[in-house]
Enquirer: 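I have a structure here, written as C-alpha cells, and I will follow up with some questions on it.
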Amino acid sequence: MTTRPPRASLEAHLEQELLSGRFKPGEKLPSERILAETYSVSRPIVREVLRSLQERRLVDVIAGRGTFARAARTTDGARSLDAFFRRRQVTPRELTDARIMVESVTAAAAARLATDEEIASLLATLERFDKATNVVDKARADIAFHAAIARMARNPVIEAMFASVSGLAFELMLRSLSDPHVAREGVPFHDDIFTAIKEHDPEGARQAMLGHLSVARRTYGADYDKSLDDIVHRELGKLIPAVDLDHLLNEIFDEVSP
C-alpha cells in the first residue's frame, strides 16, 4: 500500500499541481477537509501547507470562501531578488549598468511592438509625471513609465528582470528627481523615448533610453559608488521624514505588476 505523503510531500505535490496548470488561475482547490482525507494528514497540517503556498504567492486564501490558484505575476520573484540586491549593497553604478543593458534593448522592442492603446497609456503616464507636485509622486509615475515599456517588449523574462530591480530603480529615481541638476538633464529624455516609441523607431528609442539612463554617470559624483540604500534613506530624510519606505516599495511592486 502506498504511504500518503507527509507535510513536505503534500506541499510539493500541490506545488506541482499549481505550476503545471492543473489548477487554473482563480480555480478553487479542494477544501481542507477533502485534502486532509485524501492525503491522510491532519487539517492543521493542511492549513500549514496552504499558508506556505500563500506566502510563496501560489494561492490566495480567502476567509470563508476557500483557497484559490493564483495567477502568476511579474513581481512574484522580485521581492526575494530585491532583498538579495540590498544585502549586496548595490550601488547606483551597478544598477545603472544593469538597467542600460536591459532597458535600452527593451525600449527598442517596445518601439517595434507598441499598440496605439499602449502608446496612449504611456502618454497618460508621462502626463501624470508632469502634473505630480512632489518627488515621491513623480518617482511613482517614472517607475510606471519604465514598467510600461518593459511590458511592451512582450517578453515575460525581460519584464521580470525589470521588476526585480524596480524597488532599487524607484529609489534611484528619488535621488535623481530630488536633485535639480540631475532632473534637468534626465527628465527631457522621457519625451524623446516616448516619441521614438510612438513613431516605431527602435534605434531612436534605444538611444534615447541609453541617454536617459546614462545621466547618473555624469551627475551623481561620489554618490555613484555609494550604497543605494544609504543614499535613499538620506534623501527621504530630507524630503518626507515620516515616509514608510517598506510600505511604499510594496506599493511600487504592486504597481509594476500587470
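This one's a predicted model, so the numbers in the text were calculated from it and none came from an experiment.
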Enquirer: Applying ring-ring contact (aromatic ring centres under 6.0 Å, His included) as the test, list every pair that has at least one member in residues 86-107; sequence neighbours left out.
Expert: none
Enquirer: If you define the side chain from C-beta out and look only at heavy atoms, does anything of L126 sit under 4.5 Å from F145?
Expert: yes
Enquirer: Whether R140 and D137 form a salt bridge (side-chain N of Lys/Arg under 4.0 Å from carboxylate O of Asp/Glu) is what I want to check.
Expert: no
Enquirer: Is there any salt bridge (charged side-chain N to carboxylate O under 4.0 Å, His left out) pair reaching into residues 108-124, and which pairs are they, with sequence neighbours excluded?
Expert: E118-R154
Enquirer: Any salt bridge linking R217 with D97? Criterion: basic side-chain nitrogen under 4.0 Å from a carboxylate oxygen.
Expert: yes
Enquirer: Please check this pair: side chain of S166 against backbone of A163, looking for a donor-acceptor N/O pair closer than 3.5 Å.
Expert: yes
Enquirer: Under the salt bridge (charged side-chain N to carboxylate O under 4.0 Å, His left out) rule, what pairs show up with a residue in residues 201-214, not counting sequence neighbours?
Expert: E203-R206
Enquirer: Considering residues at least two apart in sequence or located in another chain, which fulfil the side chain to side chain donor-acceptor pair (under 3.5 Å) criterion with S52?
Expert: E11
Enquirer: Can you tell me how far the CG atom of L228 sits from the CG atom of L174, to the nearest 0.5 Å?
Expert: 9.5 Å
Enquirer: Listing request: all side chain to side chain donor-acceptor pair (under 3.5 Å) pairs with a residue in residues 14-29, at least two apart in sequence or in separate chains.
Expert: E15-R56
Enquirer: Spell out, as yes or no, whether a donor-acceptor pair under 3.5 Å connects the side chain of T125 to the backbone of S121.
Expert: yes
Enquirer: Any side-chain to backbone donor/acceptor pair from S164 onto M161? Under 3.5 Å, distance only.
Expert: yes
Enquirer: Using a 3.5 Å cut-off and no angle test, enumerate the donor-acceptor pairs between side-chain atoms of residues 179-195 and protein atoms at least two apart in sequence or in another chain.
Expert:
residue, atom, partner, partner atom, Å
D179, OD1, H181, N, 2.9
D179, OD1, V182, N, 3.4
D179, OD2, R175, NH1, 3.1
E185, OE1, R218, NH2, 2.8
H190, NE2, D142, OD1, 3.1
T195, OG1, D191, O, 2.8

Enquirer: Answer yes if the side chains of S176 and Y220 hold a donor-acceptor pair under 3.5 Å, and no otherwise.
Expert: yes
